[in-house]
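Down below is the structure, laid out as structure tokens.
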Amino acid sequence: MTTDTVIEIRALRKVFRDFWRRPTVVAVDNLNLTVHRGEVFGLLGPNGSGKSTTIKMLLGLLYPTSGEINLLGAAPTDTAVKARIGYLPELSHLHPFLTPRETLGYYASLFGIPSREAKRRTEQLLRMVDLEAAADRPVGMFSKGMARRVGLAQALINRPELLILDEPTSGLDPIGTREVKDLIRLLAKGGVSILTTSHLLADTEDICDRVAILDRGVLQSEGKIADLLRQPDAVRFQIAGLDEAAAAELRRKLESETGRLVKQDYPALSLESYFLQVVSKGRRADVERFELAPFLLEREEPPHA
Amino acid sequence: MNSAVQLFPIARTTWLEAIQQPVAFLMAFVSVAITLLVPVFEFHHFGEEGRLARDSGLSCLLLFGLVLAIGTAGRSVAGEIESGTAAAVIGKPVSRFTFVLAKWLGGFGVVAFYAVAQIAALLIAERSSAHFVAEGDYVGDVTDWWGVALGIGGLLLSLAIGAWAHYRWRWRFGVTVFVSLTVSQLAAAALTQVTNHWVAMDFRAVPAALLVLAALAVFSSLATALATRLKSGATFAFCFAVLLLGLSGDALFGDAAAFSWRGLLSGVLPDLQNFWMCDAIAHGGRIGWRYLAEATATALTTCAVFLCLGGWLFSHRDLG
């Protein structure tokens, strides 16, 4: 494992067994993966493909049947390594009677963060995930999206080097989804390595540098998104300010010149971009100005252990 | 990461979550209410003034404490494993042994807090029970209705405080009532010093109650260990089987040869008769502090064994 590698998985296999130790399902089979420092890596796949099982093995929650996992240079069960990781589970799993402020304080105490520093980080994270107004209401009263924001904040309380996000945008509205995607990009820019899973392919495409696609526990494809999605046998031109008649003329010329069929279309906004434009006009102007909690940018001291 | 630093927050959260549950508050409330009502419906002395109240109070402590201890362990360990909350904590730099130990501390904390209220109610009930009095012109049995009223009043006041604090400051109802219940019973017990001048408070029941509390610590640790692998129903069944065998161990296995299956069972099962000393304090009897210390040491050793077993069981299971 090089210093540039944060996760290295070799020949990983997980077989779930019943009460009598008989194998019931092979959740992950012969998985090999490497995640590099500072990259956003997406683990994709349909339901039951082994994404969450892989993440749970990375966190030492599930024990592999065979194979090897190296996480920041150590085994996943090493608690010292876990101090350098942030984890957002698929469901937020929060104590319903605690408020967001108490929840963040609780998780900060599990990392041994001193009380004053924990308070500072808590306030910054509450501001970042836009929960200041609801900071003293029990989490049990929250919508799924709000609980997700608390979950995301707790995953960042220790200023992690490696962030593992299981379905980070699940349950969020388009604004929340956009904010989380912005946050992931900003964290990656700040040097945090991120492993994320998602069913939402458009979200993954927006944020990930590389992806791996799993199906029935087996790695089907892996690589940079740009490389995987590139269609080498086609070229697209985009010309601004061309009227319809000139565009038709240009198409005819290209067809006669190349002898091939030329497809002409008009670029459109994605529905997400259009929705955000409309909503940000009427509701919040800060959708586009999402900012990291300041403590996440402080790199003069080593990440808290 | 210092595990000792992590113990307190996990235990505190477990304690808070447990006393949030309506069943915890109901258990404590019903147990204290039954104990306080014994002097009202006392038709027999059992050969000793106040004995019915004392024995009932200790029985309630054992029975309700057991349900509370096992229920809390089941919910906070098996329930959290099932819901995924345990995985969220173990995903942090928390060792599995630390988690099990903290869950036991939090769960036993609930039982201990309830026990304080129950012991205070027991002392009130025993003192308020009908006692023979020959004072001035009066000769006959006297029940201290003021003492009963103070205890019941404290019980109702704790409900009112819980409701008011929730309305006024949004404090958690369950937590406020649970804490006020204990404080109100202690205050009521202290006030009976002023209202009742003809019967002194009999503290002989306190060591007996502490022995029951030690037994509850053992059951709390056993339930915590079992809940790392079993669901709540199975944990309840197993613990009650151990209770029955533990109480009847002497009769069942007392004559067993050391190297036999019965002998092995006799050695493994906690001998709960050592913690049930109602008869020892009857008719003026006392429990020595030395005995109390030895029984507590035995209980803590048993707890350590069960918690090590629980930690080992939890360390070897998948959390998915």
Side-chain angles (χ1 to χ4, degrees), chain A residues 14 16-17 19 27 52-53 55-65 76-99 102-103 105-115 118 136-138 140 151 154-155 157-158 160 164 166 304-305, chain B residues 1-22 24 75-76 79-99 102-103 106 166 169-176 178 229-231 234 314-320:
Chain A
K14 176 66 187 177
F16 286 110
R17 296 174 189 277
F19 180 81
S52 292
T53 302
I55 281 191
K56 284 171 186 166
M57 284 192 280
L58 282 173
L59 290 158
L61 302 176
L62 295 178
Y63 294 105
T65 306
T77 45
D78 186 339
T79 50
V81 160
K82 286 185 184 176
R84 297 156 63 193
I85 297 173
Y87 168 50
L88 172 68
E90 186 175 356
L91 300 171
S92 296
H93 302 312
L94 303 165
H95 289 286
F97 61 91
L98 293 181
T99 66
E102 289 168 337
T103 300
Y106 171 58
Y107 281 106
S109 65
L110 298 185
F111 285 99
I113 299 170
S115 149
D136 295 312
R137 277 166 48 197
Q154 66 77 22
I157 192 80
N158 60 322
I164 297 178
D166 201 353
H304 201 283
Chain B
M1 188 60 56
N2 187 351
S3 296
V5 175
Q6 297 166 330
L7 267 180
F8 178 71
I10 302 175
R12 179 182 172 273
T13 308
T14 304
W15 186 82
L16 274 174
E17 175 143 37
I19 62 175
Q20 293 283 319
Q21 307 306 318
R75 187 180 165 80
S76 69
E80 286 196 11
I81 289 172
E82 203 158 321
S83 72
T85 314
V89 174
I90 300 299
K92 307 297 177 200
V94 176
S95 80
R96 295 195 183 204
F97 271 96
T98 305
F99 182 81
K103 287 289 169 190
H166 182 260
W169 299 293
R170 289 183 182 275
W171 287 7
R172 299 173 182 107
F173 179 77
V175 177
T176 317
F178 207 85
R229 289 288 173 142
L230 303 177
K231 295 196 174 177
F314 192 50
S315 297
H316 287 78
R317 77 159 289 169
D318 280 341
L319 289 172

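All figures in this text were calculated on a predicted structure; none of them were measured in a lab. Here is how names work: the chains are called A, B, and so on, in the same order as the sequence lines, proteins then strands, and each is numbered from 1.
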Over 12 non-hydrogen atoms of neighbours within 6.0 angstrom of [atom1] in [X]:
X      : atom1 : value
A:F16  : CZ    : yes
B:R172 : CZ    : yes
A:R17  : CZ    : yes

Stepwise side-chain contact (heavy atoms from CB on, under 4.5 Å) test for A:K56 and B:L319
CA-CA 8 Å; A:K56 284 171 186 166; B:L319 289 172; over 6 Å; no

CA sep, side-chain torsions, deciding dist, call: A:K14, B:D318, salt bridge (charged side-chain N to carboxylate O under 4.0 Å, His left out)
CA-CA 11 Å; A:K14 176 66 187 177; B:D318 280 341; 2.6 Å; yes

In terms of heavy-atom proximity below 4.5 Å to chain A, should [X] be classed as side chain, backbone, both, or neither?
X     : value
B:L7  : neither
B:E17 : both
B:R96 : side chain
B:S83 : backbone

Quick one: CD on B:E80 to NE2 on A:H93, what's the gap to the nearest 0.5 Å?
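The NE2 atom of A:H93 is 11.0 Å from CD of B:E80, to the nearest 0.5 Å.
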
Restricting to non-hydrogen atoms, name the atom on [X] and the atom on [Y] that form the minimum distance, rounded to 0.1 Å.
X      : Y      : value
A:F111 : B:P93  : CE2-CD, 3.3 Å
B:P9   : A:Y106 : O-CE1, 3.5 Å
B:K92  : A:Y87  : NZ-O, 3.6 Å
B:V5   : A:S109 : CG1-O, 4.3 Å

Among A:L58, A:I164, A:L62, which residue has the highest count of heavy-atom pairs closer than 4.5 Å to chain B?
A:L62

Quick one, B:I19 with A:F97, criterion side-chain contact (heavy atoms from CB on, under 4.5 Å). Give me CA distance, side-chain angles, the key distance, then yes/no.
CA-CA 11 Å; B:I19 62 175; A:F97 61 91; over 6 Å; no

Per-residue contact mode, [X] against chain B (heavy atom under 4.5 angstrom):
X      : value
A:P76  : neither
A:L98  : both
A:Q154 : both

What residue among A:T77, A:L61, A:T79 forms side chain to side chain contact (heavy atoms under 4.5 Å, CB included) with B:I90?
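Of the listed residues A:T77, A:L61, A:T79, the side chain to side chain contact (heavy atoms under 4.5 Å, CB included) partner of B:I90 is A:L61.
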
Out of B:S95, B:G174, B:A87, B:A86, which one racks up the most heavy-atom pairs below 4.5 Å with chain A?
B:A87

